[in-house]
Amino acid sequence: MSFTKSIFCALLAAIAGHAFWAQPGRAEGNTSRAAPSQNGFDILVLGARGGVQDGNLSAYMIMPYGDHHAIMCDAGTLVNGLNVSDHLGKLTDFSVENTTPLTPTGYMLHHVIQGYLISHAHLDHIAGLAISAPDDTPKPLYALQSTVDDLSHSVFNWRIWPNFADQGSAPFLKTYTYHPLIPAQPLPLQNTAMEVTAWPLSHGPVISTAFLIKSGSNALLYLGDTGPDSVENTHRLKTLWHAVAPDVQNHQLKAIIIESSYDNSRPDKTLFGHMTPRWVLKSLHDLAQETGKATSLQGLTVLISHIKYTLTTGKKIQDTIRRELDAENDLGVKFVIAEQGLRLHVQ
Ligand SMILES: [Zn+2]
Ligand SMILES: [Zn+2]
């Protein structure tokens with residue numbers, strides 16, 4: 001190795017932590033076997049907000065209930081969300097399995113999280129992924145091609161961050177393997193008992209993604225950032241509701257995770273590809289209409305994500321959003337406001 005090359009390699013290793021030369025392997029610490037869900041899903045919120053609070057940004061861990069092979073829906077915050085969950089006592093059942101020298105957070109990252117579904121490459125959805133990459137184990141990264149392109153051109157490009165993936169700017173550290181998703185085509189999620197189907201969403205100038213996750217006879221729908229169809233001038237939400245209506249009709253859909261970034265005081269012209277409680281309710285009505293039955297969403301858990309953190313004193317925006325959702329909830333859905341460390345069994 002020439003002097004120049006050895007300096008280059010030392011630099012790479014320094015930037016990439018030990019990932020460049022000592023990628024941690026996938027040890028056999030997790031003894032539970034992936035099993036299709038018979039009893040709904042377990043949701044663990046690792047990051048709840050849509051900004052501006054670093055350390056608490058969109059990240060939802062999903063696993064079939066009772067099965068510890070999980071997938072992340074977005075990864076705005078990973079390690080901090082796991083630490084907070086641990087401190088809240090939400091990881092005790094995982095910790096029992098941990099016979100490794102890893103901390104509870106390390107065990108979750110290396111042995112429980114089996115891959116990432118990334119809705120779009122905005123920083124509040126990928127910051128945790130990028131920051132933890134030097135100490136992450138090799139995993140698949142599932143996303144629409146447009147998101148893969150954004151990640152490989154603009155994030156994992158050796159300029160903004162080392163290339164921890166397997167495409168784009170060489171050399172490839174290959175911690176993450178891109179799996180481009182084709183809209184409306186189901187794909188099994190490796191090393192889990194789940195499969196995913198993606199639909200594009202309109203999010204201002206960016207294509208975002210909805211992920212329908214299925215396991216056995218159970219389904220869960222996660223929406224990345226999205227604006228309302230009429231404001232975005234598209235039919236993407238209508239297409240999505242049409243596609244998932246059968247899962248509602250046969251009671252297989254156990255939860256919807258959907259954003260309400262702002263409260264109802266936000267004018268449509270400054271939504272920037274986001275939703276308010278009024279638009280969430282309108283969209284859920286559209287879904288109910290697709291099922292042909294006004295009462296079809298009764299009792300369905302709707303987890304509200306991506307509320308923008310505010311720096312002003314006064315009323316908590318979560319409380320305002322909750323009140324606005326409940327005030328016009330004639331669908332009988334069960335609204336839950338996402339909070340970091342919240343663990344929810346939906347069935
Ligand atoms: Zn966002
Ligand atoms: Zn976004």
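What you are looking at is a predicted structure, and each value in this text was computed from that prediction instead of being measured. Both counts, for ligands and for their atoms, begin at 1 and track the order of listing.
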message: Only N/O/S atoms count here: what is the atom of D124 closest to the Zn ion (ligand 1) called?
response: OD2

- request: Report yes or no: does H274 have an N/O/S atom closer than 2.8 Å to the Zn ion (ligand 1)?
  value: no

query: Near the Zn ion (ligand 2), is there an N/O/S atom from H125 that is less than 2.8 Å away?
result: no

field: Plane angle bin for H122 and H203 - parallel if under 30°, tilted between 30 and 60°, otherwise perpendicular
entry: perpendicular

- request: Output the atom name for the N/O/S atom of H122 with the smallest distance to the Zn ion (ligand 2).
  value: ND1

query: Would you call the rings of F94 and H68 parallel, tilted or perpendicular if under 30° counts as parallel and over 60° as perpendicular?
result: tilted

message: If only side-chain N and O atoms count, and only distance matters, is there a donor-acceptor pair under 3.5 Å linking H120 with D225?
response: yes

- prompt: For D225, what is the atom name of its N, O or S atom nearest to the Zn ion (ligand 1)?
  reply: OD2

task: Considering non-hydrogen atoms only, spot the tightest contact between V148 and P180 and give its length.
output: CG2-CA, 4.5 Å

message: I'd like to know if the Zn ion (ligand 1) has an N/O/S atom from H120 within less than 2.8 Å of it, counting both backbone and side-chain atoms.
response: no

query: Is the gap between the ring centers of H306 and H125 under 6.0 Å?
result: yes

